[in-house]
Peer 1: 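My questions all concern the structure below.
All chains are named by letter (A, B, ...) in the order of the sequence lines, taking the proteins before the strands, and each is independently numbered beginning at 1.
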Amino acid sequence: MIQVSHLTKYYGPNRALDDVSFSIGEGEVVGLLGPNGAGKSTAMNILTGCLCATSGEVTVDGLSLSDDPTEVKRRIGYLPEVPPLYPDMTVIEFLRFVYELKRCRFDREAHLREICDLLRITDVRHRLVGHLSKGYRQRVGVAQALVGDPRLIILDEPTAGLDPKQIIEVRQLIRTLARRHTVLLSTHILGEVTAVCGRVLIINRGKVIADRPTDALDRLVEDSLRYRYAVVGPEKDVTALLSAVPEVARVTPTGESDGEASVYVVSGRGGVDCRKAVYYACAKAGRPILSAAPLGGDLESVFVQLVDRDDEQA
Amino acid sequence: MKAIYRRELHAYFSSPVGYVFAAVWFLLSGAVFSLTTLFAMTSSVTSYFTYMLLAMTVLLPLLTMKTFSEERRQKTEQIWQSAPVSLWGVVTGKFLAAMTLFAGCVCVSSLAFLILPLYGKVKAGILFGNLLALLLAGATFLAVGTFVSSLCVNQLASAVVTVAVLLAFLGVGLLSSFVSFYPLRFVLNALSVFSRFSGFSQGVFDPAALVYDLSLTAIFLFLTVRVYDRRRLR
């Protein structure tokens, strides 16, 4: 659906995007995740034609954004970080304006009614945009992105500044959109990605540092596969024993005890499953394992570690 | 372009700007018309148009001050930047909306000319020449204002800078009479909106002045497009 190739963007001497490449298939819901200032909004503004890249190319359905911007823009609906709404228009006037701007050829009123119903803004359609609450304004922002029924919806921080109830509503809305559209969602909130996206692109300092399905992301970080072990024996000896296992990256005593055993958090090296190696090492040393349980790696820690590791490498 | 044009017209009348402009224009036009023709007991309209041209330097920036600066301030530009419309379409849509309001006010205030025959013979050539010159100068002024607005975030700054630029356009003509160095005088005269105005105001159709005004209008609209092109590349 959309192919981004070697996108680089400089603001004066500062490099905001550095050779960014990725593609998104039809029907995917992809999260673009990164800390503030990572280049997410720059990437989104380039994808939607609001900014020009210094180099690189964006194609949508095989059409180049630089060669055929009008046709490409027809296929994209965009909600920027600050919803671009005219406060002096009523919701329906604004949506009619967007309909005309995008030169749509549907039954206008039926199309807008369908969008209003989907976003549950029908009851406020005759109210001035400037008088709406932030949550409603966000919904109107999404509504304008849906006008023209674009195949790709790009949402930049769609839940920024919303209260928890509104955040849940917007996430539910994104799930609904995903049934009919390809969605690219930018956020710095990890929960958002796990809640709605099937795939995540992590961007830091203008570079894509990870591109994985959401549920496989934790395998990217060395110590993301963690286990809680209770092993009998002096803490110092057991720590040395486990640390000597080649498949183990790190052993951290928790200070807790489980009967006569002490508790340790053991991380696998390079994302490998170290359980067999730990079992054989303990058996060989005569140190019984009383319990073993996977801790997993939460996305938050994966994200922080990926970003930290990228910062260290820079 | 049509969508932007309609949106801009809507914006003029959803805020006081359109009403204030129209009210001040009609008030001023009425006062100047009364003083220069009715009280002077003459059917000559040359003075009226000269004063209205001066008034336009202050009034027309009211129409253009928000054109782009307000969009930048409210971050609403992305709505048309990401839409399948050209920058030319956006710029001309906004310009034509301002031009429509201005031309509408000129047409309405021109109804006053219907009573001129009571004060003497009306020279239709001079009247329509002046009207055309006023509209052409107005188009140029609005294009300048549109361009300045694309450079400013603050609408007040946009209005003040536009007034300064327009006064400079008028001022260079006056300055030229004090310059003895011919090439410089020629350049200053060429830049003067006043000297282009004089041909039409005497009822003479001056193609050079027509081309001058239309070119200047097109140049400033082109510069506005370039501002946004450049901003996308920055």
Peer 1: Give, as side chain, backbone, both or neither, the part of B/Glu77 having an atom under 4.5 angstrom from any heavy atom of chain A.
Peer 2: neither
Peer 1: Under 3.5 Å, side chain of A/Lys73 to main-chain N/O of B/Gln81, donor-acceptor pair present?
Peer 2: yes
Peer 1: Just wondering, more than 12 heavy atoms not from B/Tyr51 lying within 6.0 Å of its OH?
Peer 2: no
Peer 1: Run the side-chain contact (heavy atoms from CB on, under 4.5 Å) test on B/Trp80 and A/Val98 for me, step by step, so that the C-alpha distance in whole Å, both residues' side-chain angles and the decisive distance to 0.1 Å come before the verdict.
Peer 2: CA-CA 9 Å; B/Trp80 42 262; A/Val98 176; over 6 Å; no
Peer 1: For residues B/Arg6 and A/Phe97, determine if any side-chain heavy atom of one lies less than 4.5 Å from a side-chain heavy atom of the other.
Peer 2: no
Peer 1: Between the side chains of B/Glu70 and A/Tyr86, does any donor sit under 3.5 Å from an acceptor?
Peer 2: no
Peer 1: Counting C-beta onward and ignoring hydrogens, is there a side-chain heavy-atom pair between B/Gln78 and A/Leu79 closer than 4.5 Å?
Peer 2: no
Peer 1: Is chain B contacted by the side chain of A/Glu71, its backbone, both, or neither, given a heavy-atom distance below 4.5 Å?
Peer 2: neither
Peer 1: Take atom CZ in B/Phe113; do more than 12 heavy atoms of anything else shown fall under 6.0 Å from it?
Peer 2: yes
Peer 1: Nearest 0.5 Å please: distance from the NZ atom of B/Lys2 over to the CD atom of A/Glu100.
Peer 2: 5.5 Å
Peer 1: Tell me, out of A/Gln144, A/Arg74, A/Met89, A/Arg96, who's got the most heavy-atom pairs with chain B below 4.5 Å.
Peer 2: A/Met89
Peer 1: Between A/Leu85 and B/Gln74, which heavy-atom pair has the shortest distance, and what is it?
Peer 2: O-OE1, 4.3 Å
Peer 1: Are side-chain heavy atoms of A/Lys102 and B/Pro84 found at a separation under 4.5 Å?
Peer 2: yes
Peer 1: Is it true that atom CZ of A/Phe106 has more than 12 heavy atoms of other residues, nucleotides or ligands lying nearer than 6.0 Å?
Peer 2: yes
Peer 1: Nearest 0.5 Å please: distance from the CZ atom of A/Phe94 over to the NE2 atom of B/His10.
Peer 2: 12.0 Å
Peer 1: Between B/Lys75 and A/Val82, what is the shortest heavy-atom contact and its length?
Peer 2: CD-CG2, 3.8 Å
Peer 1: Please report the shortest heavy-atom distance between B/Leu233 and A/Cys52, naming the atom on each side.
Peer 2: CD2-CB, 3.6 Å
Peer 1: Quick one: closest heavy-atom pair of A/Leu51 and B/Arg231, and the distance?
Peer 2: CD2-O, 4.0 Å
Peer 1: Any chance you could measure A/Met44, atom CE, to B/Ser82, atom OG, to the nearest 0.5 Å?
Peer 2: 12.5 Å
